[in-house]
Novice: 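My structure is below; once you've seen it, I'll send some questions.
In each ligand, atom 1 is the first atom listed, and ligand 1 is the first ligand listed.
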Amino acid sequence: MKVDKLDKAMREKLRRWERREKDKDQFKVVEEVFDTATVKTILELIRRRVIRRLNGVVSSGKESRVYLAYSPLNEPLAVKIYLTSTTEFKRGIYKYIIGDPRFEKMSFKDTRSLIIAWAHKEFRNLKRMMEAGVKVPKPVTCLNNVLVMEFLGDDSYRYPLLVEAYRDLSEDELRQVFQLVCSELEKIVCSAELVHGDLSEYNIMVKPNLDIAVIDVSQAVELSHPRALEFLNRDVENIYKFFVKEAKLDVQREELKGRIEPCLRKRGVLF
Ligand SMILES: Nc1ncnc2c1ncn2[C@@H]1O[C@H](COP(=O)(O)OP(=O)(O)OP(=O)(O)O)[C@@H](O)[C@H]1O
Ligand SMILES: [Mg+2]
């Protein structure tokens, strides 16, 4: 969608809200994502000079949309907006929240609180991973259900996901990417002390000069989470299967496991 159209829609929605019209349109969703509260949040981000404008959609998933935005200094930013949740989404995320000590004190009286908590969980996970040296987009801020982070791309084009890029890579390059993934996995587990929980070719971006970035970390849990090992095993399997079956590379599961086993053992965790 064009920027001016989007801005206009948002402004119009806010104007209506401020007038507190009884009009039932007030509660209609503008462009699906933009319910009144989201419009207010985006306008607040503009007021706080975090973003200057929102550009088009980079990706639209079921539960969230990612937009390209620009900072007042014209730096590209990725704005991930969590949509109001569906029952399916709620069911899906409870397993990551229950058992996470960071969520213990939080009450989820309504859907919106849950979505806001989920967005903040991704923000905190990004910060923690970045501080541990994991290659993730740099988090900028999180306000309500809107997460702002570094845009990974050239001009206004995002970098490809591994699933999109691997066919253009040579065997040698794929092997290098595999080593990079092993190294990121090690940093996530051993330095950030987290488990990604959805690590796959869909959540790894391939940057120029054969570098990678790990994205989509909302579901990441602490190593102390009761299901951390189950999620970690699934991450390892996903990566291993992708490189063997899709990328046709002769790699061993142990190459991934070997990187994380020593630090898990140190913590008394058997993998
Ligand atoms: N920082 C970023 N820079 C550029 N593009 C991004 C960034 N973060 C996410 N994207 C793009 O948006 C897509 C969706 O983001 P993400 O994986 O975080 O959300 P998701 O909840 O998995 O959404 P989906 O259901 O669409 O996979 C990514 O596959 C990627 O194409
Ligand atoms: Mg994703």
Novice: Verify the distance test for Tyr202 against the Mg ion (ligand 2): any N/O/S atom under 2.8 Å, yes or no.
Specialist: no

Novice: Taking NZ, NE, NH1 and NH2 as the nitrogens, is one of them in Arg227 or Glu230 under 4.0 Å from a carboxylate oxygen of the other?
Specialist: yes

Novice: Between the main-chain N or O of Ile81 and the side-chain N or O of Asn145, is there a donor-acceptor pair closer than 3.5 Å?
Specialist: no

Novice: Mind checking whether His225 and Phe231 have ring centres under 6.0 Å apart?
Specialist: yes

Novice: Taking just the N, O or S atoms of Asp216, which one is nearest to the Mg ion (ligand 2)?
Specialist: OD2

Novice: Under 4.0 Å between a side-chain nitrogen and a carboxylate oxygen: does that hold for Glu186 and Arg259?
Specialist: yes

Novice: Tell me yes or no: between the side chains of Ser200 and Asn203, is some donor less than 3.5 Å from an acceptor?
Specialist: no

Novice: For a quick check: using heavy atoms under 4.0 Å, what are the residues in contact with ligand 1, sorted by chain and number?
Specialist: Val58, Ser59, Gly61, Ser64, Val66, Ala78, Lys80, Pro137, Met149, Glu150, Phe151, Leu152, Arg158, Leu161, Asn203, Met205, Ile215, Asp216

Novice: Closer than 4.0 angstrom, basic N to acidic O: yes or no for Lys80 and Asp216?
Specialist: yes

Novice: Check Leu68, Val79, Leu77 against Asn55 for a side-chain contact (heavy atoms from CB on, under 4.5 Å) and give me the one that passes.
Specialist: Leu68

